[in-house]
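What follows is a short report on a single structure.
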Amino acid sequence: MDLGLMGRRALVTASSGGIGAQVVRRLVDEGCAVLVHGRDPVRTSEVAQQLRAAGGTVDIVLGDLADADDAGKVAKQAHAWGVEVLVNNAGPFVEHDWETAEPSTWLEAMNGNVVSAVRMIRALVPPMRERGWGRVINVGSRAATTPLPNMVDYSAAKAAVVNMTTSLAQHLAGSGITANTVSPGVIVTDGMRRMFQDGAPARGWPQQWSQLEPRVVAEYAPNPTGRLGTGEDIAAAVAFLASPLASYINGINLRIDGGITSVP
């Protein structure tokens with residue numbers, strides 16, 4: 001299916017690996033010119049080179065979006081790139097429960113997940129308004145709806161992402177810009193594999209991923225679909241929401257979690 005994204009210009013934050021890298025690959029496949037963002041110049045350049053080798057129009061932008069000065073530089077380059085599709089994927093998390101989450105860690109979670117996205121939105125939505133077309137897609141988490149007891153600050157921050165996205169959609173009424181949230185469930189990434197493999201001995205689980213993955217599905221993330229998610233699952237949803245075909249989808253939180261979240 002042609003999503004009608006040929007020639008559109010996109011920024012995907014935190015796209016030097018993980019879910020973000022899969023999203024930029026999908027957008028390039030759909031004909032988008034993509035700005036790959038990261039903090040590590042080597043990793044970011046590697047992703048860009050792979051996309052260029054596949055025929056994509058790609059550039060890179062470096063900076064820590066949790067830092068106001070860095071974020072300003074990223075926004076300036078993205079503005080010059082002519083971004084029409086903004087995917088706020090950056091969202092750091094650290095495991096904290098109510099005993100270990102200090103007030104400073106709550107502030108860090110809000111800055112990294114919410115304020116970082118706000119910085120990009122405030123910089124890049126005005127030119128979208130001028131063009132009369134744009135897409136803002138914020139990456140949330142299943143934790144926004146079903147808070148995780150070992151990620152209390154992260155869960156609250158992702159709930160704020162969902163809330164602000166709905167507010168943004170209302171604010172942009174009649175502008176030709178839509179704003180939506182995509183909330184992944186348990187998604188297989190290199191970092192996720194390492195996390196479970198490192199913790200496997202304490203649980204009495206095998207460390208080899210082919211044996212560990214079924215245990216993760218059965219005991220950590222049981223869901224009606226019967227498998228863990230992939231970056232491609234998220235990328236497909238992002239690409240559709242970015243497209244003109246999704247022009248009547250606005251202000252939603254699309255949970256891509258295999259059905260693990262049972263609330264409406």
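On a predicted model such as this, the values are computed, not experimentally measured, just so you know. Heavy-atom basis, side chains included; hydrogens, waters and symmetry copies ignored.
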Closer than 4.0 angstrom, basic N to acidic O: yes or no for Glu84 and Arg9? no
What I want to find out is whether Asp29 reaches Arg26 closely enough, with some N-O distance under 4.0 Å, to be called a salt bridge. no
Can you see which heavy atom on [X] is nearest to which on [Y], and at what distance?
X	Y	answer
Asn250	Thr178	OD1-CA, 3.3 Å
Ser16	Thr44	CB-OG1, 3.5 Å
Gln207	Gln197	NE2-O, 2.8 Å
Trp106	Ala156	CZ3-CB, 3.6 Å

Below 4.5 Å, heavy atoms only, C-beta onward: do [X] and [Y] meet side chain to side chain?
X	Y	answer
Trp205	Gln211	no
Gln22	Ile234	no
Val118	Met164	yes

Let me check something: do [X] and [Y] share a hydrophobic cluster, defined by ILVMFWY side-chain heavy atoms less than 4.5 Å apart, either directly or through other members?
X	Y	answer
Ile19	Val216	no
Val114	Val12	no
Leu51	Val87	yes
Ile60	Leu124	no
Val83	Leu5	no

Picking from Thr13, Asn111, Asp67, Asp70, what satisfies side chain to side chain donor-acceptor pair (under 3.5 Å) with Arg119? Asn111
Can you establish whether the number of heavy atoms outside Arg122 located under 6.0 Å from its atom CZ is more than 12? no
Verify the neighbour count for atom CD of Glu99: are there more than 12 heavy atoms of other residues, nucleotides or ligands below 6.0 Å? no
Residue pair Asn253, Ser183: steps toward the side chain to side chain donor-acceptor pair (under 3.5 Å) verdict: CA-CA 7 Å; Asn253 177 27; Ser183 285; 2.7 Å; yes
Would you kindly say whether Gln208 and Ser210 are connected by a side-chain donor-acceptor distance under 3.5 Å? yes
Would you tell me whether Asn138 and Asn88 have side-chain atoms, one donor and one acceptor, within less than 3.5 Å of each other? yes
Between His96 (side chain only) and Glu102 (backbone N and O only), is there a donor and an acceptor less than 3.5 Å apart? no
Restricting to side-chain hydrogen bond (donor to acceptor under 3.5 Å, both in side chains), what partner residues turn up for Glu108, sequence neighbours left out? none
Show your working on side-chain contact (heavy atoms from CB on, under 4.5 Å) between Val61 and Leu11 and close with a plain yes or no. CA-CA 9 Å; Val61 59; Leu11 165 65; 4.1 Å; yes
Is the charged tip of Arg131 near the ring of Trp133: under 6.0 Å from the six-membered ring centre and within 45° of its axis? no
Using the rule given for side-chain contact (heavy atoms from CB on, under 4.5 Å), can you reason through Ile121 versus Val136, listing the C-alpha separation, both sets of side-chain angles and the distance that settles it, and then say yes or no? CA-CA 8 Å; Ile121 290 167; Val136 178; 4.1 Å; yes
Per the salt bridge (charged side-chain N to carboxylate O under 4.0 Å, His left out) rule, what does the pair list look like for residues 229-239, sequence neighbours excluded? Arg227-Asp233
side-chain contact (heavy atoms from CB on, under 4.5 Å) assessment of Met192 paired with Phe196: CA-CA 6 Å; Met192 179 266 204; Phe196 278 104; 3.8 Å; yes
